[in-house]
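Shown next, in structure tokens, is the structure this report addresses.
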Number of protein chains: 2
Amino acid sequence: MTLSPTPRSTINRGKHRAVTEREALHAVLDAALVCHLAVVVDGAPLVLPTGFGRDGDTIFLHGSTGARSLREAATGVPVCVAVTLVDGVVYARSVFDHSMNYRSAVVHGTAVPVTDPERKAHALKVLTEHIAPGSWDYARPPTAKELAATSVLALDLTEASVKIRSGPPGDEDEDVAANARWAGVLPLRTHWGEPEPDPLLVGEWAVPEHVTGRD
Amino acid sequence: MTLSPTPRSTINRGKHRAVTEREALHAVLDAALVCHLAVVVDGAPLVLPTGFGRDGDTIFLHGSTGARSLREAATGVPVCVAVTLVDGVVYARSVFDHSMNYRSAVVHGTAVPVTDPERKAHALKVLTEHIAPGSWDYARPPTAKELAATSVLALDLTEASVKIRSGPPGDEDEDVAANARWAGVLPLRTHWGEPEPDPLLVGEWAVPEHVTGRD
């Protein structure tokens, strides 16, 4: 299944970097911990980071019921969500051809509040398992009060674009021929550090496997 | 010097996480490789990742002269820029108190095109040195044609907010007292990988020190 770009989700720059497979969109979304949610407030843009999780061709966004961007997004206005992973810095022979390797997804649509209790619980499970896989079953479940204090929005992935840059610099032919400067990529890696137990834990605790074994 | 928040840049949620020192804003911006630039296009929000660099209390944004978000932002319309660094996942005893540790900066303002040739060259140096420190002096300088093909915007940092979460989970007292589940933080670390030389390099090349020695 391919993406269905509309004019505003059609990539104008660097078309050779547009990736049209829906699987690529899913992979970019699944690899990121936060997205950037943009809404229009009083005619001006507002963009804030927020947690999310993907369920098929829907992403769920959540936050406090008091969060401004979530409140705005819940009123049926257009939203835009960007997810970006930086994979490295591209050191070209020329300043101009310096670049970054990255995976980027941008979604346009209208966010819909998730209010049905059963669907809201499902959305929170998706969100929790995205941010902390294994925690939904391990941690104390949400109370009715906690559920009420959480806003969840659903955003359809129909109108989305993916752009990926990978590989070596794209220097000008003359610069490559001159062979006068080093060029290459400095990869940026992320990895999980050692778990830091809460100082308020009492007694001896083994770190659970869903934390120690996280990919 | 403290930040000067206006209503839209005032943090409503998690006020205890708002950091008011301008140095904290600078530190968050300096630690990130990309920002998310949001503009309003035909009444709808558009947010895209883009490179940037900071010079005092100004950030410079750049991209191709053809890039839609840059073109829109250059017309004197309001913009919003978010920079986010994720530092870890907070595994609470309850699902509800799960969170992330992060450093976040949001800037509101009007982006101004940088057209004066001397200032544009300065802005490109700032941008280049942010993305690839040492490359401005090492790499082949931009030609007049390359300079013309690059849009640079300046955005003042006057209206900005910073929000930082760090440290252990903030579980409810009852959950802490129950001591029934592990809780803690799984830190997310980023580091530079081994430089990957461009396959088009001819002969033996040592990787330059500004690449191998990057912090």
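Lettering of chains follows the sequences in order, A, B, ..., and the numbering in each one begins at 1.
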Just do the side chain to side chain donor-acceptor pair (under 3.5 Å) check on Arg93(A) and Tyr138(B) with the steps written out, would you? CA-CA 8 Å; Arg93(A) 293 157 182 84; Tyr138(B) 180 82; over 6 Å; no
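Minimum heavy-atom separation, Leu186(A) to Pro195(B): CD1-CG, 3.9 Å. Pro45(A) and Ala38(B) make their closest contact through CG-O, 3.3 Å (heavy atoms, listed as atom of the first residue, atom of the second, distance). When all heavy atoms of Pro168(B) and Pro199(A) are compared, the pair lying nearest together is CB-CD, 3.9 Å. The two residues Glu196(A) and Pro187(B) come nearest to each other via the heavy atoms OE2-CG, 3.4 Å.
With a threshold of 4.5 angstrom between heavy atoms, Ala178(A) does not approach chain B through any atom at all. Using a 4.5 Å cut-off between heavy atoms, Asn179(B) touches chain A through backbone and side chain atoms alike. Of the atoms belonging to Glu174(A), not a single heavy atom falls under 4.5 Å from chain B. In this structure, the portions of Val211(B) lying under 4.5 Å from any heavy atom of chain A include both its backbone and its side chain. In this structure, chain A has heavy atoms under 4.5 Å from both the backbone and the side chain of His36(B). Contact of Val207(B) with chain A is made through backbone and side chain together, with heavy-atom distances under 4.5 Å.
Residues of residues 121-131 of chain B lying within less than 4.5 angstrom of chain A, judged on heavy atoms, are Thr128(B), Ile131(B) in numerical order.
The residue among Val34(A), Thr190(A), Val185(A), Asp171(A) with the most heavy atom pairs within less than 4.5 Å of chain B is Val185(A). Among His210(B), Arg214(B), His191(B), the residue making the largest number of heavy-atom pairs under 4.5 Å with chain A is His191(B). For the set Cys80(B), Pro142(B), Pro169(B), Gly184(B), the entry with the most heavy-atom pairs within less than 4.5 Å of chain A is Cys80(B). Counting heavy-atom pairs under 4.5 Å between each of Ala180(B), Gly167(B), Gly203(B) and chain A puts Ala180(B) at the top. Options Val83(B), Val86(B), Val89(B) differ in how many heavy-atom pairs under 4.5 Å they form with chain A, and the most are formed by Val89(B). Chain A forms more heavy-atom pairs under 4.5 Å with one residue of Asp42(B), Val40(B), Asp97(B) than with any other, namely Val40(B).
Proximity of Val81(B) to Val47(A): side-chain heavy atoms (C-beta onward) are nowhere separated by under 4.5 Å.
Note that OG1 of Thr143(B) is 7.5 Å distant from CZ of Phe96(A), once rounded to the nearest 0.5 Å. In this structure, CZ on Arg181(A) lies 8.0 Å from CZ on Arg140(B), to the nearest 0.5 angstrom.
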